[in-house]
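Structure first, commentary second.
Keep in mind that what you see is a predicted model, and the values were worked out from it rather than measured. Atoms considered below: every heavy atom in the structure, side chains included; atoms not considered: hydrogens, waters and symmetry mates.
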Amino acid sequence: QVQLVESGGGLVQAGGSLRLSCVASGRTFTKYGWFRQAPGKEREFVARISWRGDSMIYADSVKGRFTISRDNGKNTMYLQMNSLKPEDTAVYYCAAAMSTAGSYDYWGQGTQVTVSA
């Protein structure tokens, strides 16, 4: 079975930082992504990365503040979040796909990120 598990969420003041991790079990993937869902809002794309780390895309709202990375040996993907804002408050989800152009068919359970003003 395939399982994605996120961790690293928590409570932080505006301007602070958090690092999220996503560990994939059961298989390896060619693309990883991060999504988030704030209270009362739809789930939105945050960032994605290819397994080789040569293709990275960010949502405009997080460019310059968030950095996505991966550790192939650990089957782990990370999201370093700096200069956090209250509007970043959301449940963050890890997702994965078997191909670069494929849809995200595998999802984690989510980790809560809360940014206070």
Side-chain angles (χ1 to χ4, degrees):
Q1 293 183 340
V2 175
Q3 183 173 215
L4 302 177
V5 180
E6 306 97 331
S7 63
L11 175 64
V12 64
Q13 294 185 358
S17 299
L18 286 173
R19 189 192 192 195
L20 306 183
S21 299
C22 173
V23 179
S25 301
R27 72 195 310 176
T28 58
F29 301 90
T30 60
K31 180 177 68 177
Y32 289 90
W34 286 100
F35 294 76
R36 66 186 182 186
Q37 186 168 21
K41 300 181 65 177
E42 296 182 355
R43 184 176 298 181
E44 65 176 343
F45 167 79
V46 175
R48 74 175 180 91
I49 187 172
S50 66
W51 191 236
R52 297 186 66 177
D54 57 354
S55 179
M56 291 168 282
I57 299 176
Y58 297 91
D60 289 340
S61 60
V62 306
K63 286 182 178 178
R65 300 188 298 117
F66 291 10
T67 302
I68 189 171
S69 61
R70 82 286 180 271
D71 185 329
N72 293 352
K74 297 181 179 180
N75 277 355
T76 301
M77 186 262 289
Y78 306 94
L79 184 68
Q80 178 67 46
M81 305 185 295
N82 299 325
S83 301
L84 284 163
K85 305 174 181 179
E87 50 264 44
D88 294 319
T89 295
V91 176
Y92 284 71
Y93 297 90
C94 172
M98 289 298 298
S99 65
T100 302
S103 61
Y104 294 98
D105 295 323
Y106 302 94
W107 297 82
Q109 82 290 337
T111 184
Q112 176 70 49
V113 172
T114 302
V115 184
S116 63

Main chain of Ala14, side chain of Lys85: is a donor-acceptor contact present, judged purely on distance under 3.5 Å? no
Shared hydrophobic cluster, Met81 / Val91 (ILVMFWY, side-chain heavy atoms < 4.5 Å): no
Are the side chain of Tyr58 and the backbone N or O of Ile68 linked by a donor-acceptor pair below 3.5 Å? yes
Tell me, please, which residues at least two apart from Lys41 pass side chain to side chain contact (heavy atoms under 4.5 Å, CB included). Ala38
How long is the gap from OH on Tyr93 to CG on Leu20, to the nearest 0.5 Å? 13.0 Å
First locate atom NZ of Lys31, then atom CE of Met77, and finally report the distance between them rounded to the nearest 0.5 Å. 11.5 Å
Under the ring pair (Phe, Tyr, Trp, His ring centres under 6.0 Å) rule, collect the residues that match up with Tyr106, sequence neighbours excluded. Phe29
Polar side-chain atom of Thr76 near backbone of Lys74 as donor-acceptor pair, under 3.5 Å: yes
Derivation and outcome, side-chain contact (heavy atoms from CB on, under 4.5 Å), residues Val113 and Leu18: CA-CA 8 Å; Val113 172; Leu18 286 173; 3.9 Å; yes
With sequence neighbours left out, the residues meeting salt bridge (charged side-chain N to carboxylate O under 4.0 Å, His left out) with Arg65 are Asp88
Heavy-atom closest pair (Ala97 atom, Ser103 atom, distance to 0.1 Å) is CB-O, 3.1 Å
Derivation and outcome, side-chain hydrogen bond (donor to acceptor under 3.5 Å, both in side chains), residues Asn75 and Thr28: CA-CA 7 Å; Asn75 277 355; Thr28 58; 5.4 Å; no
For the backbone of Ser55 and the side chain of Ser50, can you confirm whether one donor and one acceptor N or O come within less than 3.5 Å of each other? yes
Determine whether Val46 and Phe66 satisfy the following criterion, side-chain contact (heavy atoms from CB on, under 4.5 Å), listing intermediate values before the conclusion. CA-CA 9 Å; Val46 175; Phe66 291 10; 3.8 Å; yes
Compute the centroid of each ring, for Phe35 and then for Tyr104, and state whether the two points are separated by less than 6.0 Å. yes
Report the distance from atom OG of Ser17 to atom CD of Gln80, rounding to the nearest 0.5 Å. 6.0 Å
In this structure, is the centre-to-centre distance between the rings of Trp34 and Phe45 below 6.0 Å? no
Run the side chain to side chain contact (heavy atoms under 4.5 Å, CB included) test against Glu44 and tell me which residues pass, sequence neighbours left out. Arg36
Considering only residues two or more places apart or on different chains, which pairs with a residue in residues 1-15 satisfy side chain to side chain donor-acceptor pair (under 3.5 Å)? Glu6-Gln109
Hydrophobic clustering (ILVMFWY, side-chain heavy atoms < 4.5 Å, transitive) - are Val2 and Met98 grouped together? yes
Should Tyr78 and Tyr92 be regarded as members of a common hydrophobic cluster, given that ILVMFWY residues are connected when their side-chain heavy atoms come within less than 4.5 Å of each other, either directly or indirectly? no
To the nearest 0.5 Å, what is the distance between OG1 on Thr67 and CZ on Arg19? 10.5 Å
Rounded to the nearest 0.5 angstrom, the OH-SG distance for Tyr32 and Cys22 is 7.0 Å
Which pairs, with at least one residue in residues 38-67 and sequence neighbours excluded, count as a disulfide (SG to SG under 2.5 Å)? none
Reported CZ-to-CD1 distance for the pair Arg70 and Ile49, which is rounded to 0.5 angstrom: 5.5 Å
Treating Thr89 as the side-chain partner and Thr114 as the backbone partner, does any N or O pair qualify as donor plus acceptor under 3.5 Å? no
